[in-house]
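To find a chain, count down the sequence lines: A is the first, B the second, and so on, and within it residues start at 1. This is a predicted model, so every value here is computed, not measured.
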Amino acid sequence: MYTPKVMEHFSNPRNVGEIPDADGIGEVGNPKCGDMMTIYIKVENDRIKDIKFKTFGCGAAIATSSVITMMAKGKTLDEALDITRDQVAEELGGLPPVKMHCSNLAADALKAAIGDYRKRQTTDIVSR
Amino acid sequence: MYTPKVMEHFSNPRNVGEIPDADGIGEVGNPKCGDMMTIYIKVENDRIKDIKFKTFGCGAAIATSSVITMMAKGKTLDEALDITRDQVAEELGGLPPVKMHCSNLAADALKAAIGDYRKRQTTDIVSR
Amino acid sequence: MDRIYLDNSATTRVSEEVMEAMMPYFHKKFGNASSLHTSGREAREAVEKARQQVAGALGADTKEIVFTSGGTESDNLAIIGVARAYCTKGNHIITSSIEHSAVYETCHHLEKQGFKVTYVPVDSDGIIKAEELKAAIRPETTLITVMHINNEIGTIQPLEDISEIAKENEIIVHTDAVQSLGKVNVDVDELGIDLLSISGHKLHGPKGIGALFIRKGTKIKSQSFGGGQERGLRCGTENVPGIVGLGQACESAARNLDGNSAKMRRLRDRLISGALKIDKVRLNGHPAKRSPNNANLSFSFVEGESLLLMLDMNGIDVSTGSACSSKELEPSHVLIAMGLSPEEAHGSIRFTNSHYNTDREIDYVLEKLPEIVAKLREMSPLYRP
Amino acid sequence: MDRIYLDNSATTRVSEEVMEAMMPYFHKKFGNASSLHTSGREAREAVEKARQQVAGALGADTKEIVFTSGGTESDNLAIIGVARAYCTKGNHIITSSIEHSAVYETCHHLEKQGFKVTYVPVDSDGIIKAEELKAAIRPETTLITVMHINNEIGTIQPLEDISEIAKENEIIVHTDAVQSLGKVNVDVDELGIDLLSISGHKLHGPKGIGALFIRKGTKIKSQSFGGGQERGLRCGTENVPGIVGLGQACESAARNLDGNSAKMRRLRDRLISGALKIDKVRLNGHPAKRSPNNANLSFSFVEGESLLLMLDMNGIDVSTGSACSSKELEPSHVLIAMGLSPEEAHGSIRFTNSHYNTDREIDYVLEKLPEIVAKLREMSPLYRP
Ligand SMILES: Cc1ncc(COP(=O)(O)O)c(C=O)c1O
Ligand SMILES: Cc1ncc(COP(=O)(O)O)c(C=O)c1O
Ligand code: FES
Ligand code: FES
């Protein structure tokens with residue numbers, strides 16, 4: 001049911017882990033629903049310099065986490081925000097229809113991490 | 001579905017034919033219903049001396065015709081009248097439930113032939 | 001000598017190709033097609049390949065094929081499923097008077113549930129009167145179900161005309177093509193039908209498997225409740241070997257249609273012309289518009305079952321009417337609908353060949369048949385030579 | 001290395017004995033069991049011998065066995081057929097909250113048709129609360145349907161108690177024994193039930209065939225319309241090879257029950273005790289009253305599907321919940337009914353062995369399992385070592 005690309009990312013996920021001093025953290029999902037995802041980003045010059053994830057979820061959830069971290073790394077924050085759910089699915093050679101919501105999850109986590117980073121920036125500016 | 005005994009009588013029916021100068025003839029059934037049977041008897045000293053049949057019908061109809069002629073031959077008329085439908089079926093090692101009416105047919109034809117014989121006798125006596 | 005099997009409309013031998021295709025799925029690739037693991041995915045691929053083969057043979061899309069447990073279930077699902085799905089639109093169904101019991105018993109069932117059914121008559125060749133069918137249409141008619149090739153007499157029905165009439169009146173058309181696939185060209189678009197039933201064991205595939213073509217957009221209500229297999233239309237663990245066997249049978253049937261049907265036709269025609277040399281024998285059904293494998297003959301003065309049994313004793317397998325009704329005492333409803341007298345109907349025998357039959361087998365049948373008919377006629381009180 | 005198949009509750013490999021028994025009926029003795037001729041009678045004999053084998057395995061009479069296309073159809077027919085046959089008496093059905101979809105979807109369907117259904121809860125071991133079942137009985141209750149062994153967690157249900165309660169109240173009892181035949185003793189009289197469903201492919205028989213035991217005197221309405229096969233309860237040409245395979249599978253299962261179940265139990269217990277050595281793993285279902293082949297385990301902090309896939313990549317076939325629900329996103333309704341949290345339910349894996357599995361295979365699984373769990377936990381945001 002999964003494409004070889006999904007299985008490749010699932011069995012060999014890139015950028016697994018945490019960034020202790022992350023600039024932004026995005027957490028989405030709920031273990032009650034069987035999925036939860038945390039994305040950590042390190043930002044330099046408005047670019048994603050480092051990115052890591054932790055995921056509790058199905059094969060598609062893990063593969064989309066892995067692929068989205070690869071897609072986002074090195075991109076500017078605005079470019080990264082433009083990554084759509086469809087692009088993630090496409091990059092993986094497609095996802096089973098029943099699993100489309102997993103690609104939403106990964107894109108949502110990335111957005112949440114960037115949002116968190118920007119919020120921190122504003123707070124920093126304001127408090128400075 | 002048929003017992004070996006039925007098949008044996010079907011493939012090798014005894015007493016097929018007509019008796020041109022029969023003393024009694026019994027005809028039952030209706031070709032519209034898929035079955036018709038004629039039994040011819042020759043009587044001597046109140047005993048069935050000869051008996052023959054012609055049957056249009058299924059395997060069971062032909063086998064019961066054959067076996068009832070064997071059973072009746074040599075019997076007195078009263079004995080022959082006593083041959084029941086169950087005896088015919090039993091003699092054949094049983095008949096499929098759906099085919100029980102065929103054994104009725106043979107017994108009925110024999111009864112009709114004896115009835116015809118007796119009617120002729122009465123008519124003979126009366127007219128004598 | 002091996003037995004001579006001339007009852008291929010009752011069931012057929014599974015072909016070598018089909019055997020070979022099915023075999024691994026019993027004990028090697030035996031996974032459940034709904035399982036996520038490798039063994040399951042292997043089974044799923046086999047099922048989807050078979051779906052392509054079935055769709056290919058019918059000129060349909062894979063999404064339009066649902067696997068069932070056989071022709072009967074396909075017919076039941078099509079008729080009940082459509083009747084119920086459109087019951088707010090209307091409650092009238094049109095069918096013919098010569099359908100297989102899988103169709104007419106289903107119609108009888110729906111009648112008991114409050115649906116109305118019209119049974120359109122046939123002419124003396126057993127061909128449905130399309131004009132009468134047209135006249136039977138009412139505003140509340142939702143479904144027309146008419147078979148493609150009749151299982152007893154082998155006549156090919158004017159399906160194109162019927163689906164034309166249906167289309168003009170926006171009525172769904174189902175056809176029971178159980179007897180036609182592998183005998184004549186079956187293309188859902190050329191026939192213009194919306195649902196079509198097939199059965200594996202009638203075309204050298206396995207028993208216990210069938211399929212229903214459901215044209216995209218046709219509403220149908222599931223009659224099976226469980227794990228949601230076959231898009232919820234047919235729940236239960238997929239019969240993977242059966243499905244693979246059906247797929248292969250369809251592919252083989254389509255690929256070999258021309259050769260097989262030419263051979264069947266030749267054998268059939270030899271049998272018919274040989275049998276008609278016997279006195280008082282008639283061919284039932286249309287002489288030309290008939291299945292290449294079907295010879296249905298009435299032998300006056302003898303009863304069908306006894307003829308069948310005597311052929312059987314000579315190693316020849318045939319049937320009277322349809323196999324399903326072989327234990328009933330009623331004469332065939334199909335022959336009666338065509339106007340045969342009950343006597344003639346009782347004396348009918350169906351010979352149905354396949355490409356596995358040979359000329360020598362037909363020679364043997366034609367050698368034995370006159371003797372057997374003569375022997376039974378001698379026993380018959382109806383026969384006056 | 002061959003794959004290690006530990007998903008025997010989803011489906012099983014067809015055994016050599018079954019293969020051998022079935023094989024001739026595909027292409028040698030391929031007649032239609034309803035045909036009168038020799039080829040047909042040969043098929044009929046095979047069907048009736050298989051019926052004896054099935055009846056024998058269940059302690060039933062041959063007249064009480066109807067062949068169907070599988071467990072789902074048996075369940076559908078039993079529940080709908082009995083509900084409808086007794087609908088003048090009442091319209092209330094009792095079932096459990098852990099039934100297979102073939103049962104609960106059928107109950108849902110009947111609810112839409114106006115029947116009332118009570119779903120009796122289970123305790124934390126997944127055992128149906130017989131007292132609550134008793135309390136649910138109403139004057140209009142006509143049917144109780146409760147499974148024998150649960151397909152996900154393997155718990156054995158107190159069927160004898162339930163049928164006792166049913167008998168006192170003159171209510172028909174059906175059980176889905178799809179997962180119990182071949183695992184534990186199944187005797188219709190000892191269990192005291194009126195209807196019982198089985199499925200071939202769960203006991204090393206073929207897919208696409210099942211049977212329903214219907215105790216003499218139980219009324220049931222046919223849901224299938226056609227040639228009147230199986231006394232009208234299951235129309236359609238008999239799946240002779242499938243039926244023969246099911247018969248052989250039942251005979252083998254009964255004959256080898258003691259040896260097979262001892263072996264399965266040993267393999268199961270080794271797997272369970274090995275897996276429980278991993279931190280934060282729990283066994284779901286009753287520790288003792290469980291199928292000899294079932295180990296259902298929850299691995300905290302990881303999600304079941306990804307565990308399944310990683311086992312799969314290591315050549316091990318298992319499932320999450322039931323195969324049928326493997327594509328759904330909802331956590332198992334059975335585990336939730338037992339009171340597991342959704343997280344725990346999402347992290348459960350079902351290992352189901354058969355007598356074909358070996359100790360070496362279990363060794364291999366126990367070698368790989370800790371590594372895989374560790375790898376997934378490392379990825380998990382929920383895991384804090
Ligand atoms: C025309 C027709 N329809 C339906 C069926 C039923 O098919 P099956 O026996 O596969 O259920 C048959 C054969 O029995 C048939 O000849
Ligand atoms: C308990 C139970 N009942 C019913 C079924 C359905 O059986 P089948 O797949 O043969 O239709 C299954 C298996 O899928 C099952 O495990
Ligand atoms: S994470 Fe929920 S289904 Fe993929
Ligand atoms: S003669 Fe009519 S069924 Fe036997």
Side-chain angles (χ1 to χ4, degrees), chain A residues 1-20 22 25-40 52-67 69 92 95-106 109 112-113, chain D residues 7 10 152 280 298-336 339-349 368 371-385:
Chain A
M1 70 170 219
Y2 288 133
T3 63
K5 200 81 185 274
V6 173
M7 288 311 291
E8 201 275 314
H9 271 278
F10 169 71
S11 51
N12 225 332
R14 324 298 197 270
N15 305 311
V16 176
E18 299 178 18
I19 303 180
I25 300 179
E27 188 172 289
V28 297
N30 184 335
K32 284 209 172 56
C33 311
D35 40 42
M36 189 174 164
M37 212 175 265
T38 315
I39 283 188
Y40 302 84
K52 292 223 181 294
F53 79 90
K54 284 217 162 181
T55 292
F56 165 81
C58 70
I62 290 174
T64 50
S65 305
S66 167
V67 88
T69 58
L92 287 167
L95 281 171
V98 72
K99 296 287 188 180
M100 284 310 286
H101 96 112
C102 303
S103 59
N104 297 358
L105 218 55
Chain D
D7 199 10
E152 292 191 38
K280 304 271 189 189
S298 278
F299 298 83
S300 299
F301 320 123
V302 306
E303 197 271 342
E305 188 199 291
S306 52
L307 188 44
L308 176 153
L309 288 174
M310 219 160 263
L311 285 163
D312 183 53
M313 282 165 17
N314 284 277
I316 302 162
D317 292 327
V318 301
S319 82
T320 63
S322 75
C324 302
S325 61
S326 62
K327 277 172 189 159
E328 290 168 22
L329 309 178
E330 293 296 306
S332 149
H333 73 287
V334 176
L335 298 176
I336 298 296
L340 262 72
S341 73
E343 287 102 307
E344 285 172 303
H346 275 295
S348 83
I349 288 284
K368 288 291 168 192
E371 299 170 15
I372 291 170
V373 172
K375 183 170 173 187
L376 284 168
R377 283 183 177 169
E378 246 164 61
M379 277 190 227
S380 172
L382 306 174
Y383 185 58
R384 297 274 167 249

Open item on the list: Tell me if a side-chain donor or acceptor on D:E303 pairs with a main-chain N or O of A:G34 at a distance below 3.5 Å.
Closed with: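 Here the side-chain-to-backbone pair does not exist.
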
- [ ] Would you check if the side chain of D:S306 reaches a backbone N or O of A:G57 as a donor-acceptor pair within less than 3.5 Å?
- [x]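 Pair found, side chain donor or acceptor close to backbone of A:G57.
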
Open item on the list: Quick check on D:M313 against chain A: is it the side chain, the backbone, both or neither that has a heavy atom closer than 4.5 Å?
Closed with: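 Side chain only.
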
TODO: Side chain from CB out, backbone as N, CA, C, O: work out which of these in D:L309 comes under 4.5 Å of a heavy atom of chain A, or both, or neither.
DONE: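 Both backbone and side chain.
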
Nearest 0.5 angstrom please: [X] [atom1] to [Y] [atom2], how far?
X	Y	atom1	atom2	result
A:F10	D:M310	CZ	CE	3.5 Å
D:N314	A:S11	CG	OG	10.5 Å
D:E305	A:I62	CD	CD1	9.0 Å
D:E343	A:M36	CD	CE	9.5 Å

- [ ] Compare every heavy atom of D:F301 with every heavy atom of A:F56, then report the nearest pair and how far apart it is.
- [x]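 A:F56 and D:F301 have their closest heavy atoms at CD1-O, 3.1 Å.
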
Task: side-chain hydrogen bond (donor to acceptor under 3.5 Å, both in side chains) contacts touching residues 376-385 of chain D (sequence neighbours left out) - done: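 Output for this query lists A:E18-D:R384.
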
- [ ] Can you tell which part of A:P13 gets under 4.5 Å to a heavy atom of chain D, answering side chain, backbone, both or neither?
- [x]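 Only the side chain of A:P13 comes within 4.5 Å of chain D.
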
TODO: Would you mind telling me which of A:T38, A:V16, A:T55, A:D35 has the largest number of heavy-atom pairs within less than 4.5 Å of chain D?
DONE: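 Winner by heavy-atom pair count: A:T55.
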
Task: Beyond-backbone contact of D:H346 with A:P31, side-chain heavy atoms, under 4.5 angstrom - done: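 No; the side chains remain at least 4.5 Å from each other.
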
Open item on the list: Going by side chain to side chain donor-acceptor pair (under 3.5 Å), name the residues that satisfy it together with A:T69, two or more places apart in sequence or in a different chain.
Closed with: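 A:N15.
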
